[in-house]
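Here is the structure we will look at, set down as structure tokens.
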There are 2 protein chains.
Amino acid sequence: MGMAAKSSSFNMERFFQAFGDNTRLRLLNLMRDREICVCYFVEILGQGQPKISRHLAYLRRAGIVAARRDGKWMHYRIVMPSNIGAAQVLSQTLAWLAEDRSMQADRVRLSKACCYPAKFAALEAAPLPVPVNCSIAPEA
Amino acid sequence: MGMAAKSSSFNMERFFQAFGDNTRLRLLNLMRDREICVCYFVEILGQGQPKISRHLAYLRRAGIVAARRDGKWMHYRIVMPSNIGAAQVLSQTLAWLAEDRSMQADRVRLSKACCYPAKFAALEAAPLPVPVNCSIAPEA
DNA sequence: GGCATATAGTCGTTTTTGCGAATATGTATT
DNA sequence: AATACATATTCGCAAAAACGACTATATGCC
């Protein structure tokens, strides 16, 4: 009694464009299994905060990540699109990112920052990233 | 025995950008299981020939398709990238395209054009698309 | 309220992309 | 070699994307 997937109407062009930028790929790689707050992205990628925020907004509009406010901090996490094809491509891509050298390097820096946040002035008071299972997107 | 995949050095950004355009997605969908000559693309998509050629060149430079000359005609086919992650994402994407309504419509038009090429002035003399198995890309 | 902090959004500019029109190349035919 | 045909490439422009600098908003704390 399942309902057939509405695979039309989904904008595949836009979906793939979201992956067509290295900064966004790096953000997704960091969020692969954790919910992370913006200041960590800024610290790990070493890029300006407005740039990070803009790319996160891009991913949010594309339905690939979701945000959660926690006081002053905003936490971002990956959400699986309800479109089946999109979800499969996203999963596959996340697995691919995990194999990439430079993406692994980002993850190493993230681990270090999580262990010793006090060493990064900007992270001293920030909430630590928290493991998550990628949630399913609410009805588009 | 086996050689480990060189997953670094591959430009993921560029790879995904190749999918970030509807014309290119339509071309890939048509090539899903056949080698097709340019005049068919032009006829089925109803777009100018230079535009089609430019997008095919884009896909070729991205290592996603290969071309074969046959007299006056150029035939294009999908090639699986040697990068494992890329190959998996490509396969997944082709399967996704097969589910999409408008992509299915393109395929229907292609089938009709193949059955009655004489009905399309431009295809009268052109070589028919030929089924292929996606070949593996030669060493990058 | 006033100030500090974390993040988001705007503005103007630079870069990149996609396009149609025109042109060039390569192949077959005569 | 002249021509015709299929395809590729170039050129100039318009639209879109990405960026840094700046400004705006939201929250917490005194």
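For clarity, every value in this text was computed on a predicted model and none was experimentally measured. Below, chains carry the letters A, B, ... as their sequence lines are ordered, and counting in each starts from 1.
Residue A:Arg60 places none of its side-chain N or O atoms closer than 4.0 Å to OP1 or OP2 of C:dT7. At least one side-chain nitrogen or oxygen of A:Tyr76 sits closer than 4.0 Å to the OP1 or OP2 atom of C:dA8.
Ring to ring, A:Phe10 and B:Trp96 are close: their centroids are under 6.0 angstrom apart.
With rounding to whole Å, A:Phe19 atom CZ is found 16 Å from D:dA17 atom P. Summarising the geometry, the separation between CG on A:Asp21 and P on C:dT15 is reported as 17 Å, rounded to the nearest angstrom. What separates CD of B:Glu13 from C1' of D:dA18 is a distance of 11 Å, to the nearest Å. Taking atom CH2 on A:Trp73 and atom C1' on D:dA26, their separation rounds to 13 Å, with Å as the unit. At whole-Å resolution of the value, CZ in A:Arg68 and C1' in C:dT7 are 15 Å apart. Here the P atom of nucleotide C:dT15 and the CG atom of A:Asn22 are 19 Å apart, to the nearest Å.
At a threshold of 4.5 Å between non-hydrogen side-chain atoms, the residues A:Arg109 and A:Lys112 do not count as touching. B:Leu56 places a side-chain heavy atom less than 4.5 Å from the side chain of B:Met31. Considering only heavy atoms from C-beta on, A:Glu99 stays 4.5 Å or farther from B:Asn83 through its side chain. Residues B:Val65 and B:Leu28 have side chains in contact (heavy-atom distance under 4.5 Å, counting atoms from C-beta outward).
Take the nearest nucleotide of DNA chain C for A:Gln17 and for A:His75: the residue whose nucleotide is more 5' is A:His75.
Note: A:Phe15 and A:Phe19 have perpendicular aromatic rings, judged against thresholds of 30 and 60 degrees for the angle between ring planes.
Listed nucleotides: C:dA8, D:dT7, C:dC19. Nearest to the side chain of A:Met74: C:dA8.
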key: Residues B:Tyr58, B:Arg14; criterion side chain to side chain contact (heavy atoms under 4.5 Å, CB included); working and verdict   = CA-CA 10 Å; B:Tyr58 192 119; B:Arg14 279 280 159 198; 3.9 Å; yes
task = Please assess A:Asp33 against A:Arg107 for the test salt bridge (Lys or Arg N to Asp or Glu O under 4.0 Å), listing each intermediate value before the final yes or no.
result = CA-CA 11 Å; A:Asp33 50 7; A:Arg107 301 276 296 193; 3.1 Å; yes
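Taking a 4.0 Å limit (strictly below) on heavy-atom distances, residues 45-55 of chain A reaches DNA chain C at A:Gln49, A:Pro50, A:Ser53, A:Arg54.
Among the atoms of the strands shown, only primed sugar atoms or phosphate atoms (P, OP1, OP2) are found under 4.0 Å from some heavy atom of A:Tyr58. Note on A:Arg14: only backbone sugar-phosphate atoms sit closer than 4.0 angstrom, heavy atoms only; bases stay farther off.
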query = Along nucleotides 25-30 of chain C, 5' to 3', which nucleotides get a B, which get an S, and which get a -, given that the test is a protein heavy-atom distance under 4.0 Å?
reply = -SBS--
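A donor-acceptor pair shorter than 3.5 Å cannot be found between the side chains of B:Asn29 and B:Arg26.
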